[in-house]
Number of protein chains: 2
Amino acid sequence: MEVNNAPKIGPVLQKERKERHLTLDRLAALSGVSRSMLSQIERGEANPTFAVLWSLTQALGIDFSQLIAGGITHQRKAEAIELVTLALTPEIKSPDGAWRLRILSSPALAGRVEWYEVEIAPGSKLQSAPHAPGTFEHLTAYTDGLLVETELGRQELLTGETARYRADIGHEITNGGTETARALMVVLYDQEA
Amino acid sequence: MEVNNAPKIGPVLQKERKERHLTLDRLAALSGVSRSMLSQIERGEANPTFAVLWSLTQALGIDFSQLIAGGITHQRKAEAIELVTLALTPEIKSPDGAWRLRILSSPALAGRVEWYEVEIAPGSKLQSAPHAPGTFEHLTAYTDGLLVETELGRQELLTGETARYRADIGHEITNGGTETARALMVVLYDQEA
DNA sequence: ACACGATATCCATTATATCGGAATTTCTAT
DNA sequence: ATAGAAATTCCGATATAATGGATATCGTGT
């Protein structure tokens, strides 16, 4: 790999080892990882494999997640401006070509916030199974003819209008018009904050 | 290593990837890990290094500890479908008519997630002061000619392309084209619990 | 100061993680 | 069915993780 901005786990491991009054040799015997490898890992001069890391957590009796100091286990990377070209934008197409979703949100946000450009063929519908409890959808129509239906009601949309509804129950979006319909769909999962 | 009784993370990673509708190629582009390596890891035929695992958790936006286990969910209340007509959709217009924002997100979400339809006149720019620390913006171009600039860099956008950048520093969006430019802007405030 | 045992690092060798391109399989469409 | 495209898996080449023995460093007495 060209760059490695992964967190430093060397010092963490060294700290755990020293707290247990273990020598490199002793830990090597316990974990099955060689002393030299341990030395390199602790000094950040090696990039251990998963198997090695796992052995170490077992030998030290620590939780795997403890390897990352401070508990911040996912950090925002993008320092500059990140560009997602059209070709790299994930798409979901229905088997019968009734609809197409372009996933505009970042994969890193999946399960928290997602937004899509929706395209539905005339007379077709996009049916969705219930999402996780507490999930809401917000649909803004870019064209006329769209209809939203859930177990709790139905609502037609004109261009520019927005519908907000629970998505933790069955719901479907129908294009009742004669042209391909487009819309913006934002899915907001319950944040429980 | 002779023995490896470490947990199987391959299936976990594959599940996360598929949930995001990413191909091996796309995840490779996102993470910097080759598609062949990804394939091997998912099938348990490789023993990835820490650096590789870290890249993957970053690209997928999952917690490092999720590689071992998994679990979530909660719930909330009920309502029907709420409709926001075009006339009721809040708008912000610049004094000089250089740009216009339509606030598509719910006011209840303000300060957490907000999304806008942006319109910028030819040759004009939308300048924004820094938002709260940790805030990110995601801009998807609906037309050509848009240019995003922050203190950290600049990026031109073609139709359908998406830019992601920090919004906790000064940033501006310019329409360098000769037609009115349109885009979707999603502002995501830092949620860290 | 000087040893001397204990511990950690360096070095050459081996094993394998990682990569890019080719071959294969899977999917989609006609 | 069959062709084409897309996605995944296979394969040879390379970079590097991992090892065991040799060397260096540290610590603790005397």
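Residue numbering restarts at 1 for every chain, and letters A, B, ... go by the order of the sequence lines.
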Enquirer: Whole angstroms only, please: what is the CD-P distance between B:E45 and C:dC19?
Expert: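 Rounded to the whole Å, the gap is 16 Å.
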Enquirer: Given the structure, check if the side chain of A:S36 and the base of D:dG20 hold any donor-acceptor pair shorter than 3.5 Å.
Expert: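 Looking at the base of D:dG20, it does pair with a donor or acceptor on the side chain of A:S36 (distance under 3.5 Å).
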Enquirer: Pick base, sugar-phosphate or nothing for B:D25, based on heavy-atom distances below 4.0 Å to the nucleic acid.
Expert: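 Answer is base: heavy atoms of B:D25 come under 4.0 Å of a base.
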Enquirer: Whole-Å distance between D:dA7 P and B:K18 NZ?
Expert: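 Between P of D:dA7 and NZ of B:K18: 12 Å.
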Enquirer: Over how many whole Å does the gap from B:R26 atom CZ to D:dT8 atom P extend?
Expert: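 Nearest whole value for this atom pair: 10 Å.
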Enquirer: Pick the closest DNA chain D nucleotide for B:Q40 and for B:R17 by heavy atoms, then say which residue is nearer the 5' end.
Expert: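 The residue whose closest nucleotide sits nearer the 5' end is B:R17.
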Enquirer: Ignoring backbone atoms, establish whether A:R35 has a side-chain N or O less than 4.0 Å from OP1 or OP2 of C:dA8.
Expert: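 For C:dA8, OP1/OP2 do not have a side-chain N/O of A:R35 under 4.0 Å.
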Enquirer: Is A:S39 close enough to C:dT9 that one of its side-chain N or O atoms is under 4.0 Å from OP1 or OP2 there?
Expert: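 Answer is yes, contact under 4.0 Å.
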Enquirer: Same hydrophobic cluster for A:L147 and A:L152, using side-chain heavy-atom links shorter than 4.5 Å among ILVMFWY?
Expert: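 No; A:L152 is not reachable from A:L147 via cluster members.
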Enquirer: Base, sugar-phosphate, or nothing: which does B:T23 touch, judged by heavy atoms less than 4.0 Å apart?
Expert: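 Since only primed, P, OP1 and OP2 atoms lie under 4.0 Å of B:T23, the category is sugar-phosphate.
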Enquirer: Rounded to the nearest angstrom, tell me the gap between atom CG in B:L24 and atom P in C:dG21.
Expert: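 Computing the B:L24:CG to C:dG21:P distance gives 17 Å.
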Enquirer: When the distance from CD of A:E42 to P of D:dA18 is rounded to whole Å, what number comes out?
Expert: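 In whole Å, D:dA18 P lies 14 Å from A:E42 CD.
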Enquirer: Any heavy-atom pair between the side chains of B:I62 and B:L67 that's under 4.5 Å?
Expert: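 They are in contact (side-chain heavy atoms under 4.5 Å apart), so the answer is yes.
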Enquirer: Estimate the overall bend of the helix from C:dA1-D:dT30 to C:dT30-D:dA1 from the end axes over five pairs each, rounded to 10 degrees.
Expert: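 That helix has its two terminal axes inclined by roughly 40°.
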Enquirer: Between atom CD1 of A:I103 and atom CE of A:M185, what is the distance when rounded to the nearest 0.5 Å?
Expert: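 Here the rounded value is 9.5 Å.
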Enquirer: Take the protein atom CE of B:M37 and the nucleotide atom C1' of D:dA17, then report the distance between them rounded to whole Å.
Expert: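 Answer to the nearest Å: 13 Å.
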Enquirer: Would you say that more than 12 heavy atoms from the other residues, nucleotides or ligands in this model lie under 6.0 Å from the CZ of A:R43, or not?
Expert: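 Yes, enclosed.
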Enquirer: Could you tell me how the ring of A:H171 sits relative to the ring of A:Y165: parallel (under 30°), tilted (30 to 60°) or perpendicular (over 60°)?
Expert: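 Plane angle between 30° and 60°, so tilted.
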Enquirer: Looking at B:E179, I want to see if its CD is surrounded by more than 12 non-hydrogen atoms of other residues, nucleotides or ligands under 6.0 Å.
Expert: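 No, because the 6.0 Å sphere around CD of B:E179 holds 12 heavy atoms or fewer from other groups.
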Enquirer: How far does OG1 of B:T23 sit from CZ of B:R17, to the nearest 0.5 angstrom?
Expert: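 Here the interatomic distance stands at 7.0 Å.
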Enquirer: Between C:dA8 atom P and A:L13 atom CG, what is the distance in whole Å?
Expert: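 Going from CG in A:L13 over to P in C:dA8 covers 14 Å.
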Enquirer: What's the closest nucleotide to the side chain of A:V33 if the choices are D:dT9, D:dT19, D:dA7?
Expert: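 Of the options given, the side chain of A:V33 lies nearest D:dT19.
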Enquirer: Rounded to whole Å, please give me the gap between CG in A:L53 and P in D:dA17.
Expert: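 Going from A:L53 (CG) to D:dA17 (P), I get 12 Å.
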Enquirer: Indicate whether OP1 or OP2 belonging to D:dC10 is found under 4.0 Å from a side-chain N or O atom of B:R43.
Expert: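 Yes, B:R43 has a side-chain N/O under 4.0 Å of OP1/OP2 on D:dC10.
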